[in-house]
Amino acid sequence: MPASPSGHGTSRTRSWWGWGYADSHPDDAECVAMGALLPGTLARPLPIPRVADLAIARPGVTPPSSLAHLVTTDPEARAAHAMGKAYRDIIRALRGRPGRVPDLVARPTDDREVADLLDWAGGQSVAVIPFGGGSSVVGGVEYRGDTHRAVLSLDLTSMDRVLEIDTVSRSARVQAGALGPVLEEQVRPHGLTLRHFPQSFEFSTLGGWLATRAGGHYATGRTHIDDFVQSLRVVTPAGSSTSLRLPASGAGPSPDRLFLGSEGALGVITEAWMRLQERPRYKASASVAFADLPRALEAVRVIAQSDLSPANCRLLDPGEALLSGASQDGSSVLVLGFESATGRVDDRLANALELARAHGGRGGAPTANGGADSADHDAPADAAVNAWRSAFLRMPYLRDGLARMGAVVDTFETAATWDRIPALIDAVRTEVGSAALKATGHPATVNCRLTHVYPDGAAPYFTVAAAGRPGEELGIWDDIKAAASDVLHRHRATITHHHAVGRDHRPGYDLQRPEPFALALRAAKDALDPHHILNPGVLID
């Protein structure tokens, strides 16, 4: 059946230079207070950057009249599409050096317009950077280099409709430019949800999730967007590709797998049939404290290898627990949550708590939420869970505030098998901490949490914070990133679990992938993008 389009539901202004909404950024006083926690930061915050202060060159190309109505050269729009939201992007904006600002920003409304823009760009040597919500933290939506005549940012957010909903098969055909809230608003009246809630949910699109193989909020089961895909439609310079909509298939290599995670280098994902599910009505959650992190890791492994399938199974190390307000006594904290659309989940939570306590966990009085159709995220159960959730949503804004104080703040995530997890966490803390101290001259904080867990392994997520040196933040960030990538490679951990490769993780990705696969990927690039205009430098050269 057809579905009606829905607006964003907010008139708030997005920040062109930082995370999220402009009115949610810490004010100067809050920035100073945060900076006081990191000795060596600036006495006062760097000023909020203004587009008017940027040296934005005149566009190097003019689109034909047939496409002019799709394109803008407005400086504000161009600046907002110049970068993603990684630390290195934030500090470049604060220092007034955003890199190559796109010459044009295009907002197509259908597949035909996407194809026309690609045809024109291919003939004019114009690089095309597919752009959804712009929340990339790995350099995935910017142009680096000088081999193209001009750069066009292809913003798909005008293609944001749920075109069809199949309530029998519980799936929907959705345009790729739909931001998370826009998508959910359109399927909610049917009692359905995609149930994919990354931290960037408000500020990222379905197409971005698909192109980067994004991970959602949920810790087990269908953790990645890949798991929800029935079929994809992709527009490439060589033609359009639409895979057959199926629940499963064993017919050769999957065409969808070619484009999932391709980061706009092989084609532009314009729509997808996505598996939906009933909205959860029953929820229960609790937190458990551990005095010993190794025992906490063992508890999480046992829970992950059970058949309990928690929606949330997030382990915070002592530093992360302190930072989020979940614990003040040096404990690690495990946040557990369960949900269901059909029946109460109290027993599953009770069983998980029993497993946690058998490994030294303490506390964990469960709180249930039965029958409430609230939520896109787990309902808070106790003070620790509530504190963690608030900090989780607020953290990107605080990172930007610390950047204004001259701090170097980075996050990176990975995944490895359980047998390697303890040594990996220890090595990252030691070696990345040493690299940050050497680069900054100040001790660094290196915290860890497990964001996703599987029967055979887990996904640690690290946060690094240290005072920087004014004007040298990018070099320091590069040193820390290189040290982290080296540790991951030596411990046979992936260069990324859900943030994608982009340009920042490209060296680590080149080491991780098998060479025959790289050969096949280059051949696919040559065949689908013969002029090499699509997101140059991402995944392959």
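Numbers for residues simply follow the sequence, beginning at 1.
Between D541 and R506 there is a salt bridge, since a side-chain N of the basic residue sits under 4.0 Å from a carboxylate O of the acidic one. Using a 4.0 Å cut-off between charged nitrogen and carboxylate oxygen, E320 and R449 count as a salt-bridge pair. The existence of a salt bridge linking R95 and E473 is confirmed by a sub-4.0 Å separation between a basic side-chain nitrogen and an acidic carboxylate oxygen. With respect to the salt-bridge test (charged N to carboxylate O, under 4.0 angstrom), the residues R100 and D146 do not qualify. Ion pairing between a basic and an acidic side chain is recognised when a charged N comes within 4.0 Å of a carboxylate O; E515 and R522 show such pairing. The pair D103-R149 does not count as a salt bridge, with every side-chain nitrogen at least 4.0 angstrom from each carboxylate oxygen. A salt bridge does not link R503 with E263: none of the charged nitrogens is closer than 4.0 Å to a carboxylate oxygen.
A salt bridge (Lys or Arg N to Asp or Glu O under 4.0 Å) with K481 holds for exactly one of D504, D486, D410; it is D410. Each of L424, T430, D426 was scored for a side chain to side chain contact (heavy atoms under 4.5 Å, CB included) with V428, with one residue passing: L424.
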Take H499 and Y461 through the test ring-ring contact (aromatic ring centres under 6.0 Å, His included) and record every step on the way to the result. CA-CA 11 Å; H499 281 171; Y461 188 112; 5.5 Å; yes
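At least one test fails for R14 against the ring of F203: distance under 6.0 Å to the centre or angle within 45° of the axis. The cationic atom of R195 (NZ for Lys, CZ for Arg) does not lie both less than 6.0 Å from the six-membered ring centre of F228 and within 45° of the ring axis.
H497 and H224 have perpendicular rings, their planes meeting at more than 60° on a 0 to 90° scale where under 30° would count as parallel. Ring orientation note: the planes of H452 and Y454 are close to parallel, at an angle under 30° on the 30°/60° scale.
Remark: A265 pairs with K525 by the side-chain contact (heavy atoms from CB on, under 4.5 Å) rule, at least two apart or across chains.
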